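Notes to accompany the following structure.
Note that the coordinates shown come from a computational prediction; the quantities given were computed from them, not determined experimentally.
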There are 2 protein chains.
Amino acid sequence: MEHAVGWRHDEHGEPEGGGAGPDAGAILRAAATVLAHDRNAPLSEVAEAARVGRSTLHRYFPDRDGLLAATYEEALSEIGRVMEEARVEEGSALEAMRRVVAAHVEVGDWVVFAFGDTANEVFDDAPDAADPEPEILTDLVRRGQAEGVFDPDADPAWAVQVLWALVFTGLERAGRGQMPRHAVAPAVVRTLERGIGVRT
Amino acid sequence: MEHAVGWRHDEHGEPEGGGAGPDAGAILRAAATVLAHDRNAPLSEVAEAARVGRSTLHRYFPDRDGLLAATYEEALSEIGRVMEEARVEEGSALEAMRRVVAAHVEVGDWVVFAFGDTANEVFDDAPDAADPEPEILTDLVRRGQAEGVFDPDADPAWAVQVLWALVFTGLERAGRGQMPRHAVAPAVVRTLERGIGVRT
DNA sequence: TCTTTATGGGACTCTCATGTCCCATTATGA
DNA sequence: TCATAATGGGACATGAGAGTCCCATAAAGA
């Protein structure tokens with residue numbers, strides 16, 4: 001897969017699955033929020049969260065899979081947007097990594113929705129799904145290793161997955177009120193950099 | 001609601017965790033394996049995995065929630081067993097933590113099943129569910145902090161959740177063949193202790 | 001061996017979510 | 001104002017899974 005990841009929504013009129021109407025965005029946002037929390041939530045809940053009738057929801061997205069796919073696309077788009085803003089290639093790897101974490105936390109619902117369900121078959125056949133944010137983050141890790149700030153023995157893919165896992169954990173705790181939302185990114189960053197061990 | 005779990009309709013078997021009829025244990029094991037991978041898998045899949053007819057499954061566990069609850073109980077029992085063997089209180093906190101990680105990885109399916117689904121309402125009212133392995137692990141973290149080997153600024157609850165998250169991540173990667181199973185515990189331990197930063 | 005028990009398959013009902021269709025109501029805009 | 005489009009609710013059909021029941025068969029025990 002070329003790293004021309006699908007994040008970047010089409011300008012207009014997508015042929016299938018994503019009917020781009022008036023505020024399809026509101027529906028997609030609602031879908032991300034609801035489905036991030038429970039991927040098997042009935043569409044009636046999504047419609048309710050989007051403050052639209054179930055009929056209207058079906059009018060925009062004929063079937064569930066279409067909605068899922070469109071939400072996934074939108075998620076990649078949102079994540080791509082904040083990743084853009086995070087300027088991954090600029091500055092030190094350490095700084096970049098911190099910005100990346102903050103970016104992910106910022107669009108938490110989208111992240112959880114898009115990468116939260118490990119056993120998801122719907123996206124397996126998506127053109128750009130297989131491997132989200134394919135190289136960018138592993139490249140960042142490698143850069144950090146080259147700079148001597150990241151553990152040179154760590155598998156970059158493992159490191160990236162750890163980053164995601166920590167972001168998830170933080171968002172989850174925040175969602176339960178076990179931790180203020182603004183504390184998530186710092187906690188993730190600190191743990192990512194040092195683990196829970198002491199600085200020797 | 002009390003533990004009105006319908007399992008165990010005969011008198012011999014005895015206490016919790018152990019098992020009810022002939023090989024209810026096999027069914028529970030199958031349930032854990034299947035449901036850890038997909039919590040919404042139909043019961044027919046569980047029955048198939050257990051090499052039992054759907055009728056028989058329903059004979060042991062009248063309804064889905066009952067099966068879920070029993071599997072959860074069994075999971076706690078299994079985890080408790082390996083935690084016992086891990087002798088959490090003995091030795092240095094660092095060594096104990098390593099044994100704990102290994103123990104969790106060892107009973108991976110049970111762990112994933114029991115703690116994998118964040119949005120699960122079935123167990124909320126379970127007698128002992130609210131807070132699994134309640135104090136033991138947070139105590140371990142505190143002990144490590146007292147010994148000066150764990151970050152004194154880390155919230156013990158956060159540290160424990162990180163431990164779980166890393167175990168999950170490792171098991172997931174192993175399940176996909178992205179990492180040999182025997183490498184999971186070491187990777188988790190290393191990351192837990194040092195993060196992905198370099199030892200300064 | 002004969003008896004008792006457990007098993008598994010099939011058939012059935014029930015519930016819930018999905019997807020479709022229709023229509024009255026409301027918003028939008030010319 | 002009137003005309004058009006969008007909305008939301010209700011009614012309906014469909015399909016999947018859960019849960020129940022029954023019965024022929026296989027296993028276990030006396």
Side-chain angles (χ1 to χ4, degrees), chain A residues 12-14 16-72 113 117 119-123, chain B residues 1 4-13 18-72 113 117 119-123:
Chain A
H12 217 276
E14 297 190 336
E16 182 268 342
D23 57 348
I27 294 179
L28 293 179
R29 264 189 303 280
T33 303
V34 171
L35 299 176
H37 178 265
D38 174 11
R39 173 156 255 106
N40 296 100
L43 293 186
S44 55
E45 274 184 40
V46 175
E48 190 181 5
R51 299 164 161 281
V52 288
R54 198 168 67 92
S55 307
T56 304
L57 195 164
H58 269 108
R59 203 165 283 130
Y60 280 77
F61 306 96
D63 56 81
R64 188 181 233 275
D65 282 358
L67 174 63
L68 264 327
T71 307
Y72 184 66
F113 170 82
D117 192 12
N120 198 308
E121 60 296 332
V122 178
F123 311 139
Chain B
M1 136 200 326
V5 230
W7 47 302
R8 191 170 82 101
H9 20 173
D10 58 335
E11 315 304 342
H12 65 284
D23 56 348
I27 295 179
L28 293 179
R29 262 189 305 280
T33 303
V34 171
L35 299 176
H37 178 266
D38 174 11
R39 173 154 259 107
N40 297 99
L43 293 187
S44 55
E45 273 185 39
V46 175
E48 191 180 6
R51 298 163 161 283
V52 181
R54 198 167 68 91
S55 306
T56 304
L57 195 164
H58 268 108
R59 203 166 282 130
Y60 280 78
F61 306 96
D63 55 82
R64 186 181 235 275
D65 282 358
L67 175 64
L68 265 318
T71 308
Y72 184 65
F113 170 82
D117 192 12
N120 199 307
E121 59 296 333
V122 178
F123 311 138

Next item on the list: Examine distances only and state if a side-chain atom of A/R39 and a backbone atom of A/F113 form a donor-acceptor pair shorter than 3.5 Å.
Entry: yes
Note to self: Rounded to whole Å, please give me the gap between CZ in B/R54 and P in D/dG17.
What the structure shows: 10 Å
Next item on the list: Report the distance from atom CG of B/N40 to atom P of D/dA18, rounded to the nearest whole Å.
Entry: 10 Å
Next item on the list: Report the distance from atom CG of A/L67 to atom C1' of C/dT18, rounded to the nearest whole Å.
Entry: 13 Å
Next item on the list: Report the distance from atom CG of B/D38 to atom C1' of D/dG17, rounded to the nearest whole Å.
Entry: 13 Å
Note to self: Please enumerate all residues that pass side-chain contact (heavy atoms from CB on, under 4.5 Å) together with B/S44, with sequence neighbours excluded.
What the structure shows: B/P42, B/R54
Checklist line | Candidates C/dG19, C/dA17, D/dG8 - which lies nearest the side chain of A/P42 | finding: C/dA17
Notebook entry, point to check: For the pair made of CG in A/L68 and P in C/dG19, what is the distance, rounded to whole Å?
Noted result: 10 Å
Check: Between D/dA18, D/dC22, C/dT20, which one does the side chain of B/R59 approach most closely?
Finding: D/dC22
Check: Counting side-chain heavy atoms from CB outward, which of C/dT7, D/dG8, D/dG19 is closest to B/R64?
Finding: D/dG19
Checklist line | Spacing of CZ belonging to B/F61 relative to CD1 belonging to B/I27, to within rounding of 0.5 Å | finding: 5.5 Å
Next item on the list: Please report, rounded to the nearest Å, how far the P atom of D/dA6 is from the CZ atom of A/R51.
Entry: 22 Å
Checklist line | B/T56 vs A/A41, nearer the 5' end of DNA chain C by closest nucleotide | finding: B/T56
Next item on the list: Whole angstrom is fine here: how far is it from CG in A/L35 over to C1' in C/dT18?
Entry: 14 Å
Next item on the list: Rounded off to whole Å, could you give me the CG-to-P distance for the B/L43 and C/dG8 pair?
Entry: 15 Å
Check: Can you tell which of D/dA18, C/dG9, D/dG8 lies closest to the side chain of B/H58?
Finding: D/dA18
Check: Would one find a side-chain N or O of A/Y60 under 4.0 angstrom from OP1 or OP2 of D/dT7?
Finding: yes
Check: Rounded to the nearest 0.5 Å, how far does CG of B/L35 lie from OH of B/Y72?
Finding: 14.5 Å
Next item on the list: Report yes or no: does B/D38 contribute a side-chain atom to a donor-acceptor pair with the main-chain N or O of B/N40 at less than 3.5 Å?
Entry: yes
